Amino acid sequence: MAKQYGRWIVERSLSEGGQAHTFLVFDPNQGADKRYVLKRLRNRDRLARFETETRAALELDHQNVVKQVEFDLTGEKPFIVMEYCQGGALSGINLSGWSVLDRLQLFRGICEGVGAAHSHGIVHRDLKPDNIFIAADGKSPVVGDFGLCYFLERGERVTLTGEAVGATKYMAPELEDGRTDRIGPQVDVYSMGKILYWLMAGKVFDREKHRTSKWNLTGDLVDAPDYKIADLAFVNELLDKSVVLEPSKRFSDANNFRANLDRSIWRIQRSAHALDMAEPQICNFCGIGHYKDVGNSMLGDEKFGYHEVEKFGIRHVEDSKWLLLWCNYCGNVVTFRIDLLQGKSPWKFPLGPNES
């Protein structure tokens with residue numbers, strides 16, 4: 001006879017972790033075709049985590065958050081029943097053949113799910129690919145496992161003394177060594193940045209390394225044509241505001257992250273350029289060559305400065321300042337009047353103008 005928990009009949013075991021054993025189950029009144037996941041607590045000392053996960057699920061009703069169906073926390077073997085995501089965990093998905101935009105759209109769903117939690121004052125604290133699941137359509141993410149979440153308004157959290165929170169490579173640095181004194185939405189923002197990087201690279205680093213030569217997405221890490229690598233420059237911009245040491249320098253929460261992600265998607269769809277000359281700059285005209293910084297009036301009499309601009313036939317009148325980019329393949333020239341910019345210039349340059 002099949003094992004049973006309440007009205008739920010076990011079809012097969014899914015996994016067994018340190019805290020819970022999960023099963024694929026069904027309700028005989030609905031039929032075996034309608035499956036769910038039952039998570040059964042292994043250690044009653046961790047019951048508080050089950051209670052936390054249940055409370056979070058009761059407060060959240062969103063398409064990108066795992067739906068809770070039933071729970072029993074008072075019986076001999078406490079359990080939670082939730083929707084079954086047929087695509088499995090995000091960590092097991094095959095992303096080969098997915099474009100940058102496809103991956104960003106998947107990540108947008110993660111932002112939506114975590115954003116719903118943040119809007120309800122809930123910080124997940126354990127975001128990682130293993131805790132994000134994929135719906136039956138193979139592309140819609142669902143955020144799950146809220147057992148370590150933190151309720152901001154109530155100041156309540158579940159953590160055993162001295163226990164670190166979250167997977168080491170996805171955990172915000174302020175949570176290391178079990179610290180709980182700096183918990184806010186930026187904790188999840190850091191983990192989301194790491195997940196975003198993993199979606200692009202298929203691997204992840206231990207700390208804030210996305211701009212180093214070994215880990216830079218627009219360097220040698222990703223084997224793709226230049227015109228595809230150029231899209232990753234916008235991912236780097238998002239990582240600059242998420243995978244950073246200081247929480248105050250990250251996006252304020254998942255909803256703010258999503259708003260900036262939407263802008264990056266919009267720019268990629270329009271073949272825009274990152275305003276960082278250290279990133280790949282594909283020519284608008286031929287689509288083959290790269291733009292090089294060949295003249296910048298702001299440099300004055302220095303090399304590639306004022307006089308180099310005038311070599312291209314541009315006259316400096318009324319203290320005008322120009323930036324010139326030149327395609328090394330077809331010769332297309334793009335000019336910018338940078339003295340008319342409002343506020344600080346958005347342009348970023350490497351140590352000096354590109355001389356190649």
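Owing to the predicted nature of the structure, the values given are computational and were not obtained by experimental measurement.
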Donor-acceptor pair, side chain of Tyr291 and main chain of Val334, under 3.5 angstrom
no
Query raised in the report: Can any side-chain N or O of Asn328 pair as donor or acceptor with the backbone N or O of His290 at less than 3.5 Å?
Result: yes
d(His62 NE2, Lys67 NZ) to nearest 0.5 Å is 9.0 Å
Side chain to side chain donor-acceptor pair (under 3.5 Å) pairs touching residues 79-89, sequence neighbours excluded, are none
| task | Go through the side-chain N and O atoms of Ser320 and Asp339 and say whether any donor and acceptor fall under 3.5 Å apart. | result | no
d(Thr212 OG1, Phe205 CZ) to nearest 0.5 Å is 7.5 Å
- Flag yes if more than 12 heavy atoms outside Asp319 fall under 6.0 Å of its CG atom; otherwise flag no. no
Original post:
Short question: side chain of Gln68, backbone of Glu70 - any donor-acceptor pair under 3.5 Å?
Top reply: no
N-O pairing of Glu174 and Arg125 below 4.0 Å: no
d(Thr218 OG1, Glu279 CD) to nearest 0.5 Å is 3.5 Å
**Request:** For atom CG of Asp220, decide whether the heavy atoms of other residues, nucleotides or ligands shown that lie under 6.0 angstrom number more than 12.
**Result:** no
Show your working on side chain to side chain donor-acceptor pair (under 3.5 Å) between Asp102 and Ser99 and close with a plain yes or no. CA-CA 5 Å; Asp102 290 337; Ser99 69; 3.2 Å; yes
So Leu221 and Lys203, side chain to side chain contact (heavy atoms under 4.5 Å, CB included) or not? Walk me through it. CA-CA 10 Å; Leu221 181 69; Lys203 60 182 73 176; 4.1 Å; yes
* Between Thr52 and Ala48, is there a donor-acceptor pair closer than 3.5 Å when you use the side chain of the first and the backbone of the second? -> yes
Practice task
Assess whether salt bridge (Lys or Arg N to Asp or Glu O under 4.0 Å) is satisfied between Arg267 and Glu237, documenting all intermediate values.
Solution key: CA-CA 12 Å; Arg267 294 170 71 191; Glu237 290 182 354; 3.0 Å; yes
Phe146/Val65 under side chain to side chain contact (heavy atoms under 4.5 Å, CB included): CA gap, chis, key distance, verdict: CA-CA 10 Å; Phe146 281 80; Val65 176; 3.9 Å; yes
Find out if a path of hydrophobic residues (ILVMFWY) with successive side-chain heavy-atom gaps under 4.5 Å connects Ile229 to Ile265. yes
(message) If hydrophobic clusters are built from ILVMFWY residues whose side chains come within less than 4.5 Å, do Ile132 and Met200 share one?
(response) yes
Checking Arg40 side chain against Lys77 main chain: does a donor-acceptor pair fall under 3.5 Å?
no
Exam field: side chain Ser140 to backbone Ala136, donor-acceptor pair closer than 3.5 Å | no
CG (Leu90) and CG (Leu199) are apart, to the nearest 0.5 Å, by 5.5 Å
- prompt: Hey, does Phe312 have a side-chain heavy atom less than 4.5 Å from the side chain of Trp322?
  reply: no
Distance col, row Leu275:CG vs Lys348:NZ, nearest 0.5 angstrom, shows 9.0 Å
Query raised in the report: Has Arg263 got more than 12 heavy atoms of other residues, nucleotides or ligands less than 6.0 Å from its CZ?
Result: no
Can we call the ring centroids of Phe71 and Phe50 under 6.0 Å apart? no
Paired with His118, the side chain to side chain donor-acceptor pair (under 3.5 Å) test is passed by just one of Asn256, Asp253, Asn255, Asp188, namely Asp188
Would you say the side-chain atoms of Gln281 pair up with the backbone N or O of Ala274, donor to acceptor, closer than 3.5 Å?
yes
* With side chain to side chain donor-acceptor pair (under 3.5 Å) as the test, would you mind laying out the steps for Asn332 and Asn284 before giving the verdict? => CA-CA 8 Å; Asn332 178 243; Asn284 292 332; 5.6 Å; no
Do Tyr329 and Cys283 pass the side chain to side chain contact (heavy atoms under 4.5 Å, CB included) test, and can you show the C-alpha distance, the side-chain angles, and the key distance before you say yes or no? CA-CA 9 Å; Tyr329 183 82; Cys283 176; over 6 Å; no
TODO: Show your working on side chain to side chain donor-acceptor pair (under 3.5 Å) between Asp72 and Thr74 and close with a plain yes or no.
DONE: CA-CA 6 Å; Asp72 180 358; Thr74 60; 3.2 Å; yes
Verify side chain to side chain contact (heavy atoms under 4.5 Å, CB included) between Tyr150 and Ile122, making sure each step is shown before the conclusion. CA-CA 6 Å; Tyr150 178 91; Ile122 299 174; over 6 Å; no
ask   = Around atom CZ of Arg270, are there more than 12 heavy atoms of other residues, nucleotides or ligands at under 6.0 Å?
value = yes
In short, Phe26 meets Lys34 closest at the heavy-atom pair CB-O, 3.6 Å
| field | Lys/Arg-Asp/Glu bridge criterion (N-O < 4.0 Å) met for Arg108, Glu112 | value | yes
- Task: Go through the steps to decide whether Asp145 and His124 satisfy the test side chain to side chain donor-acceptor pair (under 3.5 Å), and finish with yes or no.
- Result: CA-CA 8 Å; Asp145 202 343; His124 190 287; 6.0 Å; no
> Taking the six-membered ring for Trp, are the ring centroids of Trp8 and Phe23 within less than 6.0 Å of each other?
Replying inline: no
So CG of Asp61 and NE2 of His120: to nearest 0.5 Å the spacing works out to 8.5 Å
Is Leu95 reachable from Leu232 through a run of hydrophobic residues whose side-chain heavy atoms are each under 4.5 Å from the next? yes
| query | Does the Arg250 side chain pair with the main chain of Leu245, one donor and one acceptor, at a distance under 3.5 Å? | reply | yes
message = Check this for me: does any side-chain nitrogen of one of Glu176 and Arg207 sit under 4.0 Å from a carboxylate oxygen of the other?
response = yes
The single option from Asp126, Asn131, Leu175, Leu127 that satisfies side-chain contact (heavy atoms from CB on, under 4.5 Å) with Leu148 is Asp126
I'd like to know if Trp266 and Val100 are part of one continuous hydrophobic network [Ile/Leu/Val/Met/Phe/Trp/Tyr, side-chain heavy atoms within less than 4.5 Å]. no
Is there a continuous path of hydrophobic side-chain contacts, each under 4.5 Å between heavy atoms, that joins Phe251 to Val244? no
